[in-house]
Amino acid sequence: MNGSEKFCISLLQNCKNLRQIKQIQAFICKIGLETDPLIAGKLILNCAVLIPDSLDYACRLLFNVRHPDSFMYNALIRGLSESDAPQNSLCTFKEMCRESISPDSFSFAFAIKAAANLRALEAGIQLHCQALVLGFDTHLFVGTTLTSMYGECGCIEYARKVFEEIPEPNVVAWNAMLSACFRCGEVVFAKKVFNRMPTWDLTSWNVMLAGYAKAGELQLAKEVFEKMPIKDDISWSTMISGFVPNGDFEDAFGFFRELRKLGLTPNEVSLTSVLSACAQAGAFEFGRILHGFVEKAGFGWMVSVSNALLDTYAKCGNLSMAKLVFERMPEKTSVISWTTMIAGLAMHGCGMEATQLFNEMENCGIKPDAVTFVSLLYACSHAGLVEQGREYFNKMTTFYGIEPSIEHYGCMVDLYGRAGLLQRAYDFVCQLPFKPCATIWRVLLGACSVHGNVELAEKVKFRLLELDPSDSGDHILLSNLYAISGKWKASAAVRGSLSSLGINKETGWSMIEVDKIMYTFVAGGEQNEITNQAYEKLREIMLRIRIEDGYIAETNHVLYDVEDEEKEEVVSRHSEKLAVAFGMARLSKGSVIRIVKNLRICGDCHTLMKFISKAYSLEIVLFLSLDTEASDHIQDSVSPMLWFSEIQCNTKALDLRGLRLILGTLMLNPIPDLLSPQKLFSSWSSSVILAVRLDVYRFTTFCLDGKLLPFLS
DNA sequence: GTAGGGTTAG
């Protein structure tokens with residue numbers, strides 16, 4: 001290498017962006033080195049791998065080289081394998097062969113990586129065969145990527161065979177094998193592989209942690225974590241991020257606290273994961289503290305952290321903070337940021353705003369993906385934008401070429417069903433390109449229930465019985481629909497069939513965050529210091545609101561046939577009552593009480609919340625946990641129709657029932673002119689929709705001129 | 001002159 005070459009290469013090494021690359025390229029031309037293969041190779045490698053958003057430029061560079069060599073091709077194959085279109089990496093590999101440039105171990109390693117990222121087993125096998133012919137299949141690096149590729153494609157036997165052919169596998173190859181076991185669900189085999197390994201480095205332990213966590217074996221993950229001789233930030237973030245999808249938020253918070261206690265700085269992954277836990281658990285206060293930390297520690301510029309923060313605020317009910325986080329993002333180039341914001345608006349009932357943001361997103365040149373359209377359709381269905389929703393669905397398939405998933409079809413059924421277009425919804429389901437699954441029918445059943453269509457509900461329930469006969473939610477939904485329609489015998493019969501079919505209703509639980517700790521209450525759960533405190537406070541509250549406010553337990557919402565006294569006893573133990581009482585006992589005065597629960601609220605709890613909210617001037621927010629299938633269930637149901645009849649609105653115009661994200665909200669705005677029926681309706685419908693989207697059930701102080709509004713009394 | 005294995009957000 002001569003001096004000029006050395007100088008150019010050192011310039012390229014310090015390059016940060018495409019602009020600088022082009023400047024250096026101009027300099028290279030000026031000194032006559034543009035045809036130097038060494039320089040051209042480095043230039044292509046830089047653009048393909050190191051400099052962001054310059055992959056296209058790397059392609060153009062390669063295209064313009066008269067006699068490209070394998071180094072240049074390898075750079076491009078590698079860059080493309082890590083892009084969002086790894087199939088182009090495979091095309092480049094083919095082109096290389098067509099140009100009679102022999103692929104080497106690097107070409108194979110990168111191309112096999114592309115096949116792994118695409119989960120393209122057939123392409124992977126072809127590459128394997130070709131490597132075999134050229135004698136690269138037992139090469140350490142090629143063998144390792146082949147092992148990974150077969151693992152990614154779910155072929156554990158092939159992975160094992162390739163691995164065993166590697167003459168002297170090093171720790172990286174062993175780790176690839178270990179990882180392949182977990183990818184293929186072979187948890188027990190993974191442990192055997194781990195025990196057989198000649199050496200462990202830190203990564204081997206981290207693979208075990210991640211594998212156990214992904215398999216839901218969190219106890220095993222904890223044991224490995226304890227045994228690890230050294231832990232790094234990936235070990236911590238693997239643990240924290242492992243708990244969240246399993247719904248174990250307490251442990252996620254616990255490990256995060258532990259990490260902080262040890263004086264360690266959480267990395268991006270730990271932060272996004274713990275924020276996601278806050279979002280799902282409704283841990284608003286903890287989320288706010290984390291926001292402070294994010295700003296102070298300088299993580300605010302990280303897109304993933306900002307996205308998680310935005311989602312936390314939106315899911316915890318603070319749309320204005322969510323908007324602020326979005327607005328302050330330095331660059332809005334991530335489709336996830338836009339989608340999260342659209343979903344946030346949708347949850348809060350701002351359907352029009354959500355569609356406007358979607359248009360803005362398109363104008364900014366950001367390509368929406370399948371998840372964006374789920375949020376958008378969700379916004380449309382909850383805002384009653386039927387035709388717009390239909391147009392977006394068409395645009396998704398025809399313009400963006402996105403294949404609709406079950407979620408998209410579910411949104412469409414919801415869109416029609418919610419608007420009361422039940423026949424259209426039913427026809428849509430019947431015309432689906434696949435056999436409708438239980439979830440799709442369940443959406444329709446919910447819509448029938450809301451709009452009181454017993455006939456269609458029975459038809460739908462019949463389909464559900466074939467597909468998923470053991471879902472207690474479906475039975476309860478139908479039973480309640482009968483009850484509300486005055487068909488008490490039919491209602492009782494469905495209830496009765498629950499026990500004869502051996503179906504147990506899921507146990508209700510409620511969670512509340514006090515001093516950054518999540519407390520969980522279960523209906524009629526065991527007695528301990530915490531529940532005793534809750535019961536004691538509950539007794540005090542009940543006494544006050546019974547005497548001063550005239551609260552009477554609403555046992556008529558317990559739709560099954562038990563004695564009144566017993567009914568009262570049953571409803572008085574519901575977990576949300578305990579959680580509210582506990583919050584009132586332990587939170588500082590005037591704090592908003594936020595509760596996450598797995599089932600929908602019963603009529604009595606609903607009424608009690610209103611009384612408490614009024615008597616104590618408290619805002620109470622109930623969230624429906626998103627991580628539970630139980631959100632389809634109605635707990636000894638209160639019908640949203642009853643809520644609507646309370647406010648004497650036309651219940652048919654809006655659906656609130658039976659759809660999994662429903663809790664409903666009651667948010668009263670003490671502005672007198674809202675009492676004109678038209679305004680009242682639009683205001684209420686918008687706040688009710690708000691809760692549906694948000695899974696929030698919110699009661700604010702709802703005094704008007706010092707009197708309880710008539711429809712709430 | 002290029003590599004392979006482990007953790008995130010909607």
Side-chain angles (χ1 to χ4, degrees), chain A residues 1 5-6 9 12-13 37-42 44-46 48-50 69-79 81 104-110 112-113 116 139-149 151 163 166 169-180 182-183 201-211 213-214 232-242 244-245 266-277 279 302-312 314-315 334-344 346-347 368-372 374-375:
Chain A
M1 204 190 300
E5 281 178 334
K6 265 189 193 163
I9 285 168
L12 284 169
Q13 266 165 357
L38 198 76
I39 302 284
K42 282 283 180 200
I44 294 169
L45 181 67
N46 265 27
V49 178
L50 303 172
D69 58 22
S70 60
F71 183 91
M72 298 172 195
Y73 267 107
N74 290 347
L76 199 59
I77 294 167
R78 178 184 169 192
S81 76
D104 54 19
S105 63
F106 291 96
S107 329
F108 278 108
F110 299 139
I112 293 163
K113 184 75 189 292
H139 182 282
L140 180 61
F141 283 68
V142 177
T144 305
T145 27
L146 278 171
T147 307
S148 292
M149 184 272 293
F163 174 73
I166 301 174
N170 63 1
V171 69
V172 180
W174 276 98
N175 289 344
M177 186 59 222
L178 193 59
S179 191
F182 282 118
R183 283 261 184 271
D201 71 2
L202 187 56
T203 304
S204 315
W205 291 95
N206 284 343
V207 174
M208 288 303 282
L209 287 185
K214 287 240 165 72
D232 67 354
D233 66 326
I234 295 190
S235 321
W236 283 96
S237 56
T238 303
M239 289 308 284
I240 294 167
S241 65
V244 182
N267 65 8
E268 183 184 357
V269 178
S270 293
L271 270 173
T272 48
S273 302
V274 81
L275 278 167
S276 169
M302 285 186 179
V303 179
S304 61
V305 174
S306 290
N307 289 345
L309 203 52
L310 157 55
D311 189 44
T312 305
K315 291 226 172 86
S334 154
V335 65
I336 298 183
S337 312
W338 290 86
T339 304
T340 313
M341 194 64 246
I342 290 170
M347 281 173 208
D369 64 12
V371 188
T372 316
V374 172
S375 304

Do A/F110 and A/N74 touch side chain to side chain, with heavy atoms closer than 4.5 Å? yes
Check every strand shown and say whether A/T203 touches a base, only sugar-phosphate, or nothing at a heavy-atom separation below 4.0 Å. base
Categorize A/D311 for me: base, sugar-phosphate, or nothing, with a 4.0 angstrom heavy-atom threshold over every strand shown. sugar-phosphate
At under 4.0 Å between heavy atoms, what does A/S105 touch on the DNA or RNA strands: base, sugar-phosphate, or nothing? base
Look at A/K214 and B/dT7 and indicate whether a side-chain polar atom (N or O) is within less than 4.0 Å of OP1 or OP2. yes
Under the ring pair (Phe, Tyr, Trp, His ring centres under 6.0 Å) test, which residues partner A/F163, sequence neighbours left out? A/W174
Among the nucleotides B/dT8, B/dT2, B/dG10, which one has an atom lying closest to any side-chain atom of A/D369? B/dG10
So what does A/D232 touch, heavy atoms closer than 4.0 Å: a base, only the sugar-phosphate, or nothing? base
Distance test, side-chain N/O of A/T145 to OP1/OP2 of B/dG5, below 4.0 Å: no
Would you indicate whether the side-chain heavy atoms of A/D201 and A/N175 approach each other to under 4.5 Å? yes
Shortest side-chain distance from A/T238, nucleotide among B/dT7, B/dG5, B/dT8: B/dT7
A/T339 side chain, from C-beta outward: closest of B/dG1, B/dG10, B/dT8: B/dG10
Out of B/dT2, B/dG5, B/dT8, which nucleotide sits closest to the side chain of A/A176? B/dG5
Side chain of A/S304 - closest among B/dT2, B/dG4, B/dT8: B/dT8
Out of B/dT2, B/dG10, B/dT7, whichever nucleotide has its closest atom nearest the side chain of A/V371: B/dG10
Side chain to side chain, A/I166 and A/T147, heavy atoms closer than 4.5 Å: yes
Under 4.0 Å between any heavy atoms, over every strand shown, what does A/P37 touch: base, sugar-phosphate, or nothing? Just pick one. base
Per A/S179 side chain, nearest of listed nucleotides B/dG5, B/dT7, B/dG4: B/dG5
A/T272, nearest nucleotide to its side chain (from B/dG10, B/dA9, B/dG5): B/dA9
Atom CG in A/D311, atom CG in A/L275: separation rounded to 0.5 Å? 9.5 Å
For the side chain of A/A210, starting at C-beta, report the closest nucleotide among B/dA9, B/dT7, B/dG5. B/dT7
Side-chain contact check for A/N267: nearest option of B/dT2, B/dA9, B/dT7 is B/dT7
Does A/W174 stack onto the base of B/dG5, taking stacking as ring centres under 5.5 Å apart and planes under 30° apart? no
